[in-house]
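One is the number of the first residue; the rest follow in order along the sequence. Keep in mind that what you see is a predicted model, and the values were worked out from it rather than measured.
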Amino acid sequence: MLKIHFSGEDILRTRVAPAADPVWELVLSLHLLQGRSRDPLTDNWRRAVSRGLRQDAASDQLRLLFALSPPRGYFPDFLTPYASVDGFEAGLDAVRSTPTERLHRDLSVLATENPLPSSAGALARGEAAALRHLSESMEQYRSLAISPYWSRIQSAVAADRSRRARALLDGGMEGLLTSLRPAMRWEDGVLEVRDYPHSRELHLDGRGLLLVPSFFCAATPVALLDPALPPVLVYPVDRLGGLAPADGAGPAGRESLAALLGRTRAAVLQASDDGCTTGEVARRLNISPAAASQHATVLRNAGLLVSHRDRNTVLHTLTPLGRAMLDA
């Protein structure tokens with residue numbers, strides 16, 4: 001179990017990342033791609049990426065990147081720099097600027113658990129060519145495995161941010177941290193991450209915590225190993241409809257879409273743009289809660305909404321398809 005200790009100052013400085021973090025998504029997707037577990041929401045993505053890697057003549061150049069991102073256990077902290085909160089290019093710049101001391105330390109830890117290719121030696125020495133090669137490999141992999149699916153990844157993270165924003169508005173920072181259950185538990189100034197691979201305690205010491213919602217994060221949240229680095233906790237979001245092609249809906253989906261015609265359901269879709277509970281939909285549209293729930297069910301079955309239950313409240317948010325229909 002990981003225990004993260006907060007002071008009053010830490011609570012004031014804790015925040016949720018403004019959007020999906022492209023570098024964290026890249027690295028965590030490598031873990032998922034190489035792992036043995038299967039998830040129907042990412043199986044199509046896994047097959048497409050694996051096929052693309054087999055066809056890509058540059059796939060051999062990705063060997064070091066894959067070796068640095070094993071499916072289980074430790075991976076180097078320097079691969080996911082704090083600067084990536086400002087975007088992919090900022091993250092790559094930070095990777096290329098990693099001090100040699102950190103490269104050597106992180107790779108030494110990784111080598112105790114995993115065999116590394118010979119090219120890791122040049123990287124550990126901080127050679128500019130090796131760092132450039134690594135950043136180019138990250139760009140190549142991103143173009144194949146992340147960029148084509150980025151809008152869906154962003155939508156899933158945006159839906160989670162809507163949930164956290166509501167929790168914050170309704171219950172303050174305590175409400176936000178409490179909303180992270182069941183994977184985490186907030187109690188008496190300590191955030192406990194259950195099922196963490198080893199026992200560890202992290203004292204924030206007034207620095208606050210950056211919470212990073214992630215599409216590719218597995219069931220267990222992820223933290224950096226080095227306690228001296230800016231504290232980050234990456235946690236999984238609901239993958240909504242997954243990464244299946246947008247045009248992959250079956251007959252049931254098409255029938256549900258046909259049932260969407262009408263002003264009321266269009267209004268329910270609009271109300272769910274920033275997240276809305278069933279009761280709020282009913283009040284806004286002046287319809288009964290039962291009618292609001294029925295319309296939301298049709299929208300959800302058509303793949304336009306996703307619903308999260310929290311105790312006696314159900315929050316509805318848009319899926320990527322729902323947002324695209326609303327924008328249209």
* **Separation of R47 CZ from R51 CZ (nearest 0.5 Å)** => 8.5 Å
* Structure fact -> dist T98:OG1 -> R96:CZ (nearest 0.5 Å) comes out at 10.0 Å
* Can you name the one residue among T220, L2, D195, V193 that meets side chain to side chain contact (heavy atoms under 4.5 Å, CB included) with M184? -> V193
* To do: Walk me through it: do V298 and L304 pass the test side-chain contact (heavy atoms from CB on, under 4.5 Å)?
  => CA-CA 9 Å; V298 174; L304 304 182; over 6 Å; no
* What is the minimum heavy-atom distance between E25 and F216, and which atoms define it? -> OE1-N, 3.0 Å
* Are the side chain of R46 and the backbone of L32 linked by a donor-acceptor contact shorter than 3.5 Å? -> yes
* Asked: Would a distance-only check, ignoring hydrogens and angles, find a side-chain to backbone donor-acceptor pair under 3.5 Å from D160 to V157?
  -> no
* To do: For residues R164 and L180, determine if any side-chain heavy atom of one lies less than 4.5 Å from a side-chain heavy atom of the other.
  => yes
* In Å, rounded to the nearest 0.5 Å, how long is the span from CZ of R239 to OG of S214? -> 8.0 Å
* **Side-chain donor/acceptor of R284 to backbone N/O of V281, under 3.5 Å** => no
* Honestly curious: do L30 and L225 fall in one hydrophobic cluster under the side-chain, below-4.5 Å linking rule? -> yes
* To do: Supply the atom-to-atom distance R181 CZ to L191 CG, rounded to the nearest 0.5 angstrom.
  => 12.5 Å
* Asked: Side chains of Y74 and T112: donor-acceptor distance under 3.5 Å anywhere?
  -> no
* Would you check if L204 and R13 make a side-chain contact, meaning some heavy-atom pair closer than 4.5 Å? => no
* Side-chain heavy atoms of H133 within contact of S119, under 4.5 Å -> no
* **Side-chain heavy-atom pair L305, L318 within 4.5 angstrom cut-off** => yes
* Would you find a donor on one side and an acceptor on the other, under 3.5 Å apart, between the side chain of S293 and the backbone of A290? -> no
* To do: Could you tell me which non-hydrogen atom of A20 sits nearest to which non-hydrogen atom of I153, and how far apart they are?
  => CB-CG2, 4.1 Å
* Asked: Side chain of Q154, backbone of A19: donor and acceptor closer than 3.5 Å?
  -> no
* To do: For the residue pair R105 and S108, confirm or rule out a side-chain donor-acceptor distance under 3.5 Å.
  => no
* A296 to H316 - nearest heavy-atom pair and separation -> CB-CE1, 3.7 Å
* To do: Evaluate the side-chain proximity of L168 to M173: yes if any heavy-atom separation is below 4.5 Å, no if none is.
  => yes
* How long is the gap from CG on N114 to CG on L68, to the nearest 0.5 Å? -> 10.0 Å
* Structure fact -> Scanning both residues in full, the closest heavy-atom pair of A219 with P236 reads O-CG, 3.7 Å
* **Straight-line distance of R309 CZ to T278 OG1, nearest 0.5 Å** => 8.0 Å
* Considering only NZ, NE, NH1 and NH2 on the basic side and carboxylate oxygens on the acidic side, decide whether D238 and R163 come within less than 4.0 Å. => no
* **L210 and P230, any side-chain heavy atoms less than 4.5 Å apart** => no
* Determine whether the side chains of S84 and D21 contain a donor N or O and an acceptor N or O closer than 3.5 Å. => yes
* Looking only at heavy atoms, what is the nearest atom pair of G208 and D10, with distance? -> N-OD1, 3.1 Å
* Asked: Should we say atom CD of E174 is surrounded by more than 12 heavy atoms from elsewhere, each under 6.0 Å from it?
  -> no
* Asked: Does one hydrophobic cluster hold both L285 and L315, with members joined at side-chain heavy-atom distances below 4.5 Å?
  -> no
* Stepwise side-chain contact (heavy atoms from CB on, under 4.5 Å) check, C217 with W24 -> CA-CA 9 Å; C217 184; W24 270 107; over 6 Å; no
* **Any donor-acceptor pair under 3.5 Å from Q34 side chain to S69 backbone** => yes
* Is T42 reaching over with its side chain to a backbone N or O of W45, donor-acceptor style, under 3.5 angstrom? -> no
* M1 backbone acceptor or donor facing E192 side chain under 3.5 Å -> no
* Asked: Side chains of L33 and F66: closer than 4.5 Å at any heavy-atom pair?
  -> yes
* Asked: Just by modelled atom types, is the A266 backbone N or O under 3.5 Å from a matching donor or acceptor in the Q270 side chain?
  -> no
* Before giving the answer on side-chain contact (heavy atoms from CB on, under 4.5 Å), spell out for L209 and V232 the whole-Å C-alpha distance, their side-chain angles and the decisive distance to 0.1 Å. => CA-CA 6 Å; L209 180 68; V232 172; 5.6 Å; no
* Asked: Has the side chain of D106 got a donor or acceptor atom that lies under 3.5 Å from a matching backbone atom of D77?
  -> yes
* Which ring-ring contact (aromatic ring centres under 6.0 Å, His included) pairs, counting each pair once, include a residue from residues 168-204, with sequence neighbours left out? -> H5-H203, F6-W186, Y196-H198
* To do: Evaluate the side-chain proximity of I4 to P231: yes if any heavy-atom separation is below 4.5 Å, no if none is.
  => no
* **Chi angles and distances behind the side chain to side chain donor-acceptor pair (under 3.5 Å) call for R300, T297** => CA-CA 5 Å; R300 184 170 60 251; T297 297; 3.3 Å; yes
* Asked: Would you say W150 and L144 are hydrophobically clustered, going by side-chain heavy atoms of ILVMFWY under 4.5 Å?
  -> yes
* **Which atom of L65 lies closest to which atom of S137, heavy atoms considered** => CD2-O, 3.8 Å
* Would you sort out whether R142 and L92 count as a side-chain contact (heavy atoms from CB on, under 4.5 Å), showing the intermediate values? => CA-CA 12 Å; R142 181 196 185 209; L92 277 194; over 6 Å; no
